Amino acid sequence: WDLGDQLPIEAARKQLALPAWLGSRTYSDLKVLFALEYSGASSTSLRGMLQALGLEPEGRAHSGIDDCRNLARVVEWLISRGADLGHTHRAGEMLRGHR
């Protein structure tokens, strides 16, 4: 959602050009990757993913750097499980995950 919808809207509002590499709009949604790997999770919010893994959130919620660090902890878990971190979306189309 952030890359596919919100970023282009915000960039247009601020009259900023997006880098060409964002033009492909192909990306991986961490929430989808987590849901594919952890079928017992009741929520794919950042707090929900951490809770499902038995991890306490570190830092302040909605602080950019703290959220990034907490997301990295989820990614570390996915990597430790050998999860496929490949693309989940392309130009508004869901490639895999929840349909």
Side-chain angles (χ1 to χ4, degrees):
W1 179 82
D2 289 339
L3 290 177
D5 296 324
Q6 189 58 35
L7 182 61
I9 291 168
E10 187 69 12
R13 187 178 73 78
K14 293 180 177 177
Q15 299 179 344
L16 298 172
L18 292 175
W21 59 268
L22 279 175
S24 69
R25 295 183 54 164
T26 302
Y27 56 93
S28 297
D29 183 331
L30 183 58
K31 292 179 176 195
V32 171
L33 296 174
F34 185 80
L36 288 169
E37 193 64 30
Y38 195 108
S39 59
S42 60
S43 171
T44 57
S45 67
L46 178 52
R47 181 173 287 281
M49 290 186 287
L50 292 170
Q51 185 176 36
L53 298 177
L55 301 172
E56 287 293 321
E58 295 178 358
R60 291 182 302 122
H62 305 292
S63 163
I65 191 67
D66 292 337
D67 284 353
C68 287
R69 288 179 177 137
N70 284 312
L71 288 168
R73 295 165 69 204
V74 175
V75 171
E76 285 176 334
W77 179 83
L78 288 167
I79 291 170
S80 76
R81 304 251 318 179
D84 176 0
L85 302 182
H87 296 133
T88 59
H89 294 77
R90 178 180 52 234
E93 166 192 8
M94 186 141 212
L95 301 175
R96 61 191 175 114
H98 302 295
R99 294 193 187 269

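Note that the coordinates shown come from a computational prediction; the quantities given were computed from them, not determined experimentally.
- Rounding to the nearest 0.5 Å places OG of S42 at 6.5 Å from CD of Q51.
- No continuous path of hydrophobic side-chain contacts links Y27 to L33 [ILVMFWY only; heavy atoms under 4.5 Å].
- Considering every non-hydrogen atom in both D66 and R60, the closest pair reads OD2-N, 2.8 Å.
- Distance check: D29 CG to R96 CZ gives 10.5 Å after rounding to the nearest 0.5 Å.
- Under the 30°/60° scheme for interplanar angles, the aromatic rings of W77 and F34 are found to be tilted.
- A distance of 8.5 Å separates CZ of R81 from OH of Y38, quoted to the nearest 0.5 Å.
- In this structure, L53 and R73 have side chains that are not in contact, with every pair of non-hydrogen atoms separated by 4.5 Å or more.
- Annotation: the span from K31 atom NZ to L71 atom CG amounts to 9.5 Å, rounded to 0.5 Å.
- By the rule that hydrophobic residues join a cluster once side-chain heavy atoms approach within less than 4.5 Å of another member, L95 and L85 end up as members of separate clusters.
- Residues near L16 contribute nothing to a hydrophobic cluster around it, because no ILVMFWY side-chain heavy atom sits closer than 4.5 Å to its side chain.
- Between the CD atom in E76 and the CD1 atom in I79 there is a gap of 7.5 Å [rounded to 0.5 Å].
- Connectivity analysis of hydrophobic side chains (ILVMFWY, heavy atoms under 4.5 Å, direct or indirect) links I9 to nothing; its cluster partners are none.
- Contact check for L30 versus L78: side-chain heavy atoms found under the 4.5 Å cut-off.
- Proximity of N70 to E56: side-chain heavy atoms (C-beta onward) are nowhere separated by under 4.5 Å.
- Within 6.0 Å of the CD atom in E37, the count of heavy atoms belonging to other residues, nucleotides or ligands exceeds 12.
- Salt-bridge formation is detected for the pair R13/E10: a Lys NZ or Arg NE/NH1/NH2 atom is positioned less than 4.0 Å from an Asp or Glu carboxylate oxygen.
- The backbone N or O of G86 lies less than 3.5 Å from a partner atom in the side chain of S28, making a donor-acceptor pair.
- Put simply, CG on L18 and CG on L7 are 5.0 Å apart, with the number rounded to the nearest 0.5 Å.
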